[in-house]
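Input: a single structure, listed below in structure tokens.
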Amino acid sequence: MDAVSRLWRGGAAVWSPARTWLSLAMGARFSTSLARLGPPMTRDPGGRGVHWVFLGCPGVGKGTYASRLSQLFGVPHISTGDLVREELASSGPLAQLLAGIVNHGQLVSDEIIMSLLIKHLEHGATKANSGSILDGFPRTIRQAEILEGVTEIDLVINLKLKEDALLAKCLGRRICSHCGGNYNVASVNIKGENGRPDFIMAPLLPPADCASKLITRVDDTEEVVKERLRIYNEMSKPVEEFYRARGKLLEFDLPGGIPESWPKLLQALNLVDHDDKQSASA
Ligand SMILES: Nc1ncnc2c1ncn2[C@@H]1O[C@H](COP(=O)(O)OP(=O)(O)O)[C@@H](O)[C@H]1O
């Protein structure tokens, strides 16, 4: 029996050690009651790091903003999409199975995602109570329930963009095969409707060193992106409601590219002073 099947053999008895692991690794605090959206920096006098989640459709920029915030707070950015791609690139036992799922825009099973997450946490990337910013997890109600059982999430940021912008952004996404840098060659310009301003997103072009080494994700084709969007609406949209009902969801409509959106996001999170201090000491 492989590790994933062993972990999940279908019953709570088998699942509970996995939950314990996850809770230890994520520094769970069952007793805290943080279901409010106050200024994040004043929320934690005890020194507990932020426990935040990024939700949003494919291509919305979860990775970009989660990574920036994790640097700001000094907590790990955990992207399940990255964990899946790492496993795919390895010659591990799951690689072939994952390729068939991811390359068709489907979701990996909750069981496999949990096993990848636990494997990542076991390798010590996240220290107890240090906090983390999760990106791309949870993506199903089941994942959200599991997470709720093991750690207290303080805030869930739901990034939003119009569907035509999402599609253009996914199709324009490029990664430097050498340094791993993320770029976007799409130039998005969508006419505003009903008196709304036009939506403009400038390309994020690579430096000369990376320009000849760009690759496109296999799942960033038009057909697969449309399927990922459909799956998001079916499986992941309910997760928004899950957190909305708990008073933890912060909706954030991206006003444009990173230069316009980042300062507005910091404002929405009440983090402007914090970023100023960090920039000043950089
Ligand atoms: N929490 C998850 N549950 C199930 N599948 C996941 C999860 N996170 C990532 N994946 C798989 O990895 C792929 C890439 O994830 P990600 O990089 O987060 O993509 P996206 O740009 O679609 O948000 C997804 O399409 C899905 O197949």
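Counting starts at 1 for both ligands and their atoms, following the listed order.
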message: How far is atom 26 (C) of ligand 1 from the closest protein heavy atom, and which atom is that?
response: Q106 O, 3.6 Å
- prompt: Is it true that D220 and R173 have a side-chain N and a carboxylate O under 4.0 angstrom from each other?
  reply: yes
Lys/Arg cation over aromatic F242: R246, 6.0 Å, 45° cone: yes
task: Any atoms of ligand 1 less than 4.0 Å from a non-hydrogen atom of G81? List them with their elements.
output: 8 (N), 9 (C), 15 (O), 16 (P), 17 (O), 18 (O)
NZ/NE/NH1/NH2 to OD/OE distance under 4.0 Å, R142 and E145: no
- request: Decide whether the shortest distance between a heavy atom of R173 and an atom of ligand 1 is less than 4.0 Å.
  value: yes
message: Could you check whether E234 pairs with R230 (Lys NZ or Arg NE/NH1/NH2 to Asp/Glu carboxylate O, under 4.0 Å)?
response: yes
- request: For atom 24 (C) of ligand 1, grab the closest protein heavy atom and report residue, atom and distance to one decimal in Å.
  value: R139 NH2, 4.0 Å
- prompt: Does I258 reach the side chain of L204, with side-chain heavy atoms less than 4.5 Å apart?
  reply: yes
- request: Could you tell me whether some N/O pair between R228 and ligand 1 is separated by less than 3.5 angstrom?
  value: yes
- prompt: Any N or O of I101 that comes nearer than 3.5 Å to an N or O of ligand 1?
  reply: no
query: Do any nitrogen or oxygen atoms of D135 lie less than 3.5 angstrom from nitrogen or oxygen atoms of ligand 1?
result: no
- prompt: When you measure from atom 3 (N) of ligand 1 to every protein heavy atom, which one gives the shortest distance, and what is it?
  reply: Q143 NE2, 3.0 Å
- prompt: What residue and atom, counting heavy atoms only, is the protein's closest point to atom 8 (N) of ligand 1, and at what distance?
  reply: T80 OG1, 2.9 Å
- line: Closest to atom 6 (C) of ligand 1 by heavy-atom distance, out of D220, L117, I113, V239, is I113
- prompt: Are any of the side-chain nitrogens in D219 or R217 under 4.0 Å away from the carboxylate oxygens of its partner?
  reply: yes
Salt-bridge present (E193, R196; N to O < 4.0 Å): no
task: Report, as yes or no, whether the 6.0 Å neighbourhood of atom CD on E163 holds more than 12 heavy atoms from other residues, nucleotides or ligands.
output: no
- prompt: So, does D198 use its side chain to make a donor-acceptor pair with the main chain of G192 at under 3.5 Å?
  reply: yes
statement: Note: ligand 1 atoms sitting under 4.0 Å from heavy atoms of K62 are 23 (O)
- prompt: Does G136 reach ligand 1 with a nitrogen or oxygen that is under 3.5 Å from one of the ligand's nitrogen or oxygen atoms?
  reply: yes
field: Part of R217 with heavy atoms under 4.0 Å of ligand 1, whether side chain, backbone, both or neither
entry: side chain
- line: Residue, atom and distance of the protein heavy atom nearest atom 14 (C) of ligand 1 read R85 NH1, 3.6 Å
statement: Ranked by distance from atom 5 (N) of ligand 1, the top protein heavy atom is V108 N, 3.1 Å
Heavy atom of the protein closest to atom 13 (C) of ligand 1 (residue, atom name, distance): V102 CG1, 4.1 Å
- request: Determine whether the side chain, the backbone, both or neither of K169 has a heavy atom under 4.0 Å from any heavy atom of ligand 1.
  value: neither
message: Parallel, tilted or perpendicular, judged at 30° and 60°: which one describes the rings of F73 and W52?
response: perpendicular
message: Contact between P58 and L229 at the side-chain level, heavy atoms closer than 4.5 Å - yes or no?
response: yes
- line: If we number the atoms of ligand 1 from 1 as shown, the ones under 4.0 Å from a heavy atom of G59 are 21 (O)
